[in-house]
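The block underneath contains the structure these notes are about, expressed in structure tokens.
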Amino acid sequence: MCETCGCPEAKNPTFGHAHHHPGTATITVGEDVLSKNNLYAEKNRALISSRGIFSINIISSPGSGKTTLLEALGHHFGQDMTVIEGDVQTTRDAERIIRSGSRAYQIQTNGACHLDAHAVGHAMDDLDLTGCRLLVIENVGNLVCPAGYDLGEHEKMAILSLPEGDDKVLKYPALFSRIQGLIINKIDLRDYLDFDMEKAINECRSLNRQFDVFKLSAKTHEGVSKLTDYLEQRMDSLKAS
Amino acid sequence: MHELPVINSILSVVLKHAEANQVQKVVTIYLQVGAMSDLEDTWMQQYFDHLSKGGVAEGAKLVIERMPVVMRCNSCGHSFEINIKDGTKPVCPSCSGEKHSLVSGREYIIKNMEVL
């Protein structure tokens, strides 16, 4: 008997074999199920690029300091920055960003563990992007699922904070293999924790050869200017092209 | 939980093709899933069973073929498979280049389906 489907016809029950049941037909499909998301993502990217807006998708664990970092960026960029916030529940994060001086739009995913390009596209439709130069998408706090969904951003950045431990990179290769920026946050705690920054960076290089590193403390603002300089440069080069 | 949106997308593609072909029942769905996917076969089937209830795809079995991670060397263009789990730096076997682009390994392709 076939172990896969339980039918009595299969003589060689190996997993993944192709066989035909009597009376059935085979339909060729050949579709990638993420293709729909990718179409929406390309549409989003074309829209923001045509308006000269540089966009990043920030992915990290809950509590790594995403919103605190965005508050620091809000003080620097003010109304030049718009943030799309993804959270399972509450509008707390968007309220914090608005208080820091930037514009923010909250997407409540109602249980879903990541944002997708379709939801981000609707948020862009609702937003007034006049005068916006930098669009930051703050994904749902999670190192697994958000990695698989292109939202139409120009770059993905991951935040890894010192209390999480320096072993997280190889545990979540799907994310760290596709980032353009690695932000190491909470460096103000470096004297109290055993986090080996060079180890984390080297492990990330084993998966990914092209990313920039930003060591900073969103709380004390140490190192934040290197990130704001980088973003300014990327915003200018997009505008110029 | 992260299986849910992927399985929902798989189901909607399957139902679209089932309707277009006036299918009475979907028996087996053959999938090709990239090795970089975190989704487990058992959970994919359980979510599929739950979501497909009451439709033509109810009871269909998922047959999942894991596809290797393939990189293309940026220097010489050679394509090669890598093992992402061993944690070593991928090096091009042809020219020892260290910069590559991903060719495949993240896909969720519905190859074909067996129907009544």
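In what follows, chains carry the letters A, B, and so on, assigned in the order in which the sequence lines appear, proteins first and then strands, with residues in each chain numbered from 1. Side-chain atoms are counted along with the backbone in the values below, which use heavy atoms only and exclude waters and symmetry mates. Nothing here was measured: the structure is a model prediction, and the numbers come from that model.
Only the side chain of B/V23 comes within contact range of chain A, with heavy atoms under 4.5 Å apart. For A/E203, no part lies under 4.5 angstrom from a heavy atom of chain B. Of the two parts of B/K25, neither the backbone nor the side chain holds a non-hydrogen atom closer than 4.5 Å to a non-hydrogen atom of chain A. Contact of B/N74 with chain A is made through the side chain alone, with heavy-atom distances under 4.5 Å. The parts of B/V115 that come within reach of chain A are both its backbone and its side chain, each placing non-hydrogen atoms under 4.5 angstrom from that chain.
A/R205 forms no cation-pi arrangement with A/F176, by the criterion of a distance under 6.0 Å to the ring centre and an angle within 45° of the ring axis.
Counting all heavy atoms, side chain and backbone alike, A/Q106 lies closest to A/R92 at OE1-N, 4.4 Å. Heavy atoms only, all atoms of each residue included: A/V140 and A/P146 are closest at O-CG, 3.8 Å.
By the 4.5 Å heavy-atom criterion applied to side chains, A/N185 and A/S64 are not counted as neighbours.
Heavy-atom pairs under 4.5 Å with chain A peak, among B/E98, B/K99, B/M36, at B/E98.
Taking the six-membered ring where the residue is Trp, B/H78 and B/F80 present parallel rings, their angle staying beneath 30° rather than reaching 60°.
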